[in-house]
Amino acid sequence: MRVSRLMLVTLRDDPAEAEISSHKLLLRGGYIRRISSGIYAYLPLLWRVLQKIEGIVRQEMNATGALETLLPQLQPAELWQRSGRWDGYTAGEGIMFHLQDRQERQLGLGPTHEEVITALAADLLRSYRQLPVSLYQIQTKFRDEIRPRFGLMRGREFIMKDAYSFHASEESLKQSYAAMDLAYRRIFARCGLRAVAVEADSGAIGGSASQEFMVTAEAGEDLILTSEDGRYGANQERAVSLPPPAVELQQSPCQELATPGLASIEDLCRVHGFDPTQIVKVLVLVARFAAAPAQPLLVCLRGDQQLNEVKLANAVSARAAEGAGALLEITPISNELLAAEGLAPLPFGSLGPQLDDGVLAGARSWQQRFLRLADTTATDLTGFVCGACRSDQHLVGASWEALLPQPDQRPQSLDLRAAQPGDRCLHAPEQTLLAARGIEVGHIFQLGRKYSQALEATFTNEAGSEEALWMGCYGIGVSRLAQAAVEQHHDEQGICWPTSIAPFEVIVVPANIEDPLQQQLAESLLTELLDAGVDALLDDRSERAGVKFKDADLIGIPWRVVVGRDAANGQIELVQRQGRSTEALAASALLEVLLPRLTTERCGLLGEPA
RNA sequence: CGGGAUGUAGCGCAGCUUGGUAGCGCACUUCGUUCGGGACGAAGGGGCCGCAGGUUCGAAUCCUGUCAUCCCGACCA
């Protein structure tokens, strides 16, 4: 390929719309163009990158025995209603683009394909003899993101590889899950990416175990916590840790304490000398459901701890009444919300766990009882400070037994706190958690039987009885991965693609194309490289050398062959993009020098041929 | 959706406060000189100033509305 024929348009200035390096570089390098918010055209250079990534993904997926397929993007609402996700995906988070056809049937553009694939499985998979089976596709997904940003990082239309596995038993599911874990590690390594696998929340997809693959980069949207020894890693949404020990409260009979104007834990501690670990703080929130009245929540945490909203949402969903539908959102209760329900205001700065359900009596649309939950750091306290449920009054020396004499009034104790960097690890208390930022490029789930049960996807087992299929699902954000690679591999001058996913492996740059000698040598090198199976590009533009060098750096081709002054002597220069090392060599020696390096580099971080 | 900002040529920006009919750099076209790290000179082409109302003799500029884009929060590959 020749640069003059490549429709290459590079930009000298950073476009104002881009914030992070990878986004700026993809725009400047002529890889992408924005068509609308969160919707991008993949220009020819990027398409080559995407195809290389897809090639690696295909090879590794095929190696696990998975079958490639292609499912419809336009999906009937009915399927989603049967799985119970239609409301959550359209009304609640509204992430699904949906529309009506001329018959006024509801349709959605697939944000994911569990429903379709499960319906197919129900149709096709009848016997345990057909199992296990895995299917995958590489396809455009649609999600009406609340806030698309950072280019391909969070688009509304993006390319994803999604795979689904079906099993006759949980053990078989676990085997496929482990095989996918390995395949994923190979995929990211082959793409030249440093990625870490971390425990993750399963989110809206549901299911039990799940693991995310994070490309470590400062611009990452996720906070991940890992132990120093590398044996534990988790998304902060999911991470667990040992809390710092509480400072014991001087035992005393429970007493009221006047605390005028002290509404925050910080103020309370400063004025009265308490430690935050001696305080039980109370958060009141309300959970909205798709098909049930809103549920007020009363959540207790130890004063020094922060609420992990993901853990809370999971706990609330798990306790929702049958038929309540999807949990749509959890919001703090404010006096405005109370007024809208026809309820009296609450003294927010001095609430205690003993807050009576009576405050909800007569609510217009809410349930009239709190769902009471507490983090174990709070329930572990034997004596504590908390609000007295009256303005400017707190209780000192309170205890769960005294405040709530009936055990069934007490909150359920569970893990609701957000693990923090610096916390001690569960598996080894002498280890502490370290924080890093990551870009989620892959996520694997053990779904279990959630979808197969909802969609009645059953098979006949060995004993001859009907059983719901066990399922796993496995995603890779292909277009996001391309940008994550740029985020992890760039410098001041531009992109430094890992060779295995670079749009071209080598760019031949004649310093002066007008010089017939240089032109001739460059042309013959191009032919030689192409004949040797190298993805080579020739910059045949009649630009000055500086312009061509700058562009080559910007678009990030791993190797540059410069044909210049010494072309007359058959001498050329070989420059490695990453690190800029330069060596002079005879043109005749190019393949001999370059091919072994390319062979190694094509394996990415795997270090050996795939 | 809440909070913040910005819309002027393909890209980056100035002009707006103090209304008088649009400018700079890059990119593009032609010619010449240059030619190993985004050259120089000359000549050119390209903009209903996001859109719609209003105020005014006159609006990129003032007012109202609207749309779009970006940033911070909730969502996710």
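Chain identifiers are assigned alphabetically (A, B, ...) following the order of the sequence lines, protein sequences preceding nucleic acid strands; residue numbering begins at 1 within each chain. Hydrogens, waters and symmetry mates are skipped; everything else that's a heavy atom, side chains included, is used.
Using modelled atom types, one side-chain atom of Gln488(A) and one backbone atom of Arg194(A) make a donor-acceptor pair closer than 3.5 Å. Listed for the His490(A) side chain is a donor-acceptor partner under 3.5 Å among the backbone atoms of Glu487(A).
Stacking of Arg560(A) on the aromatic ring of Phe549(A) is recorded, both the 6.0 Å distance cut-off and the 45° axial limit being met. A cation-pi arrangement is present between Arg48(A) and Phe504(A) under the rule of less than 6.0 angstrom and at most 45 degrees off the ring axis. Cation-pi contact between Arg154(A) and Phe150(A): absent, since separation from the ring centre below 6.0 Å together with deviation from the ring axis within 45° is not met.
Judged by distance alone with a 3.5 Å cut-off, no donor-acceptor contact links the side chain of Glu543(A) to the base of G38(B). Between the base of U69(B) and the side chain of Arg34(A) there is no donor-acceptor pair shorter than 3.5 Å. Asp553(A) contributes a side-chain N or O that forms a donor-acceptor pair with the base of G37(B) under 3.5 Å. Judged by distance alone with a 3.5 Å cut-off, no donor-acceptor contact links the side chain of Arg28(A) to the base of G10(B). Between the side chain of Arg156(A) and the base of C76(B) there is no donor-acceptor pair of N/O atoms closer than 3.5 Å. Remark: the Asp14(A) side chain and the G12(B) base include no donor-acceptor N/O pair separated by less than 3.5 Å. Looking at Arg12(A), its side chain has no donor and acceptor atom pair within 3.5 Å of the base of C11(B).
U8(B) and G46(B): their C1' atoms are spaced 14 Å apart (whole Å). Rounded to whole Å, the P atom of C40(B) lies 30 Å from the corresponding atom of C48(B). Rounded to a whole angstrom, the distance from the C1' atom of A5(B) to that of A9(B) is 23 Å. With both ends at atom P, the span from G50(B) to G15(B) equals 15 Å, rounded to whole Å. With both ends at atom C1', the span from A22(B) to A59(B) equals 13 Å, rounded to whole Å. The P atoms of C11(B) and G7(B) are separated by 14 Å, rounded to the nearest whole Å. Annotation: A77(B) and G4(B) have their P atoms spaced 31 Å apart (nearest Å). Between C26(B) and G41(B), the distance separating the two P atoms is 9 Å to the nearest Å.
Put simply, the side chain of Ile557(A) does not reach to within 4.5 Å of the side chain of Glu505(A), judged on heavy atoms.
Rounding to the nearest 0.5 angstrom, the gap separating the OG atom in Ser176(A) from the CZ atom in Phe166(A) is 11.0 Å.
A5(B) is paired with U69(B) under the criterion used here, namely a Watson-Crick or G-U wobble arrangement in which both key atom distances are under 3.5 Å. A 3.5 Å limit on both hydrogen-bonding distances identifies U64(B) as the Watson-Crick or G-U partner of A52(B). The partner of A39(B), taking Watson-Crick or G-U wobble pairs whose two distances both stay under 3.5 Å, is U33(B). With a 3.5 Å ceiling on both atom-pair distances, the Watson-Crick or G-U wobble partner of G23(B) is C13(B). Across all strands shown, C75(B) remains unpaired; no Watson-Crick or G-U wobble contact has both distances below 3.5 Å. Across all strands shown, U18(B) forms no Watson-Crick or G-U wobble pair with both key distances under 3.5 Å. Of the nucleotides present, G44(B) is the one that pairs with C28(B) by Watson-Crick or G-U wobble criteria, both distances under 3.5 Å.
Distance Leu26(A) CG to C11(B) C1': 16 Å, rounded to the nearest Å. Between Tyr31(A) atom OH and C11(B) atom P the separation is 21 Å, expressed in whole Å. Between the P atom of C28(B) and the CG atom of Leu8(A) lies a distance of 12 Å, rounded to the nearest Å. Atom NE2 of His443(A) and atom C1' of C75(B) are 14 Å apart (whole Å). The separation between Met7(A) atom CE and C28(B) atom C1' is 16 Å, rounded to whole Å. At whole-Å resolution of the value, CG in Asp539(A) and C1' in G36(B) are 13 Å apart. A straight line from CZ of Arg33(A) to P of U69(B) spans 17 Å, rounded to a whole angstrom. In this entry the distance linking CE of Met153(A) with P of C75(B) reads 19 Å, nearest Å.
Here Arg143(A) does not reach the OP1 or OP2 of C76(B): none of its side-chain N or O atoms lies under 4.0 Å away. In this structure, Ser36(A) reaches the U69(B) phosphate: one of its side-chain N or O atoms is under 4.0 Å from OP1 or OP2. Phosphate proximity of G73(B) to Arg149(A): present, with a side-chain N or O under 4.0 Å from OP1 or OP2.
Among G12(B), G36(B), U69(B), the nucleotide with an atom closest to any side-chain atom of Ala16(A) is G12(B). Minimum atom distance to the side chain of Arg544(A) is reached by U34(B), of the listed U34(B), C76(B), C11(B). Side-chain proximity of Asn512(A) to the nucleotides A74(B), C35(B), G36(B) is greatest for C35(B). In the set G12(B), A77(B), C71(B), A77(B) carries the atom at the smallest distance from any side-chain atom of Phe445(A).
In this structure, Trp497(A) has its ring center closer than 6.0 angstrom to the ring center of Tyr31(A).
Each of Glu221(A) and Pro148(A) has a nearest nucleotide on RNA chain B; the 5'-most of these lies closest to Pro148(A). Ranked by how close their nearest RNA chain B nucleotide is to the 5' end, Arg147(A) and Ser479(A) are led by Arg147(A).
If you check every strand for non-hydrogen atoms under 4.0 Å, Asp551(A) touches a base. Within the nucleic acid shown, Phe213(A) has no heavy atom closer than 4.0 Å to any nucleic acid atom. Residue contacts for Val441(A): at a heavy-atom cut-off of 4.0 Å it reaches the sugar-phosphate backbone alone, with no base atom in range. Nucleic acid contact for Gly155(A): base, since at least one base atom lies under 4.0 Å from a heavy atom of the residue. Using a 4.0 Å heavy-atom criterion, one finds that Glu514(A) contacts no nucleic acid atom at all. Counting non-hydrogen atoms under 4.0 angstrom, Ala511(A) reaches a base of the nucleic acid. Glu145(A) comes within 4.0 angstrom of a nucleotide base, judged by non-hydrogen atoms across all strands. Nucleic acid contact for Val562(A): base, since at least one base atom lies under 4.0 Å from a heavy atom of the residue. Note on Gly564(A): a base of the nucleic acid sits closer than 4.0 angstrom, heavy atoms only.
The aromatic ring of Phe549(A) does not sit over the base of G38(B), since the test of centres under 5.5 Å and planes under 30° is not met.
Ring orientation note: the planes of Phe445(A) and His443(A) are close to parallel, at an angle under 30° on the 30°/60° scale.
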Inset, instruction - For the pair Glu341(A) and Ser365(A), evaluate side-chain hydrogen bond (donor to acceptor under 3.5 Å, both in side chains) and give the outcome as yes or no after the intermediate values. - result: CA-CA 7 Å; Glu341(A) 287 293 310; Ser365(A) 67; 2.7 Å; yes
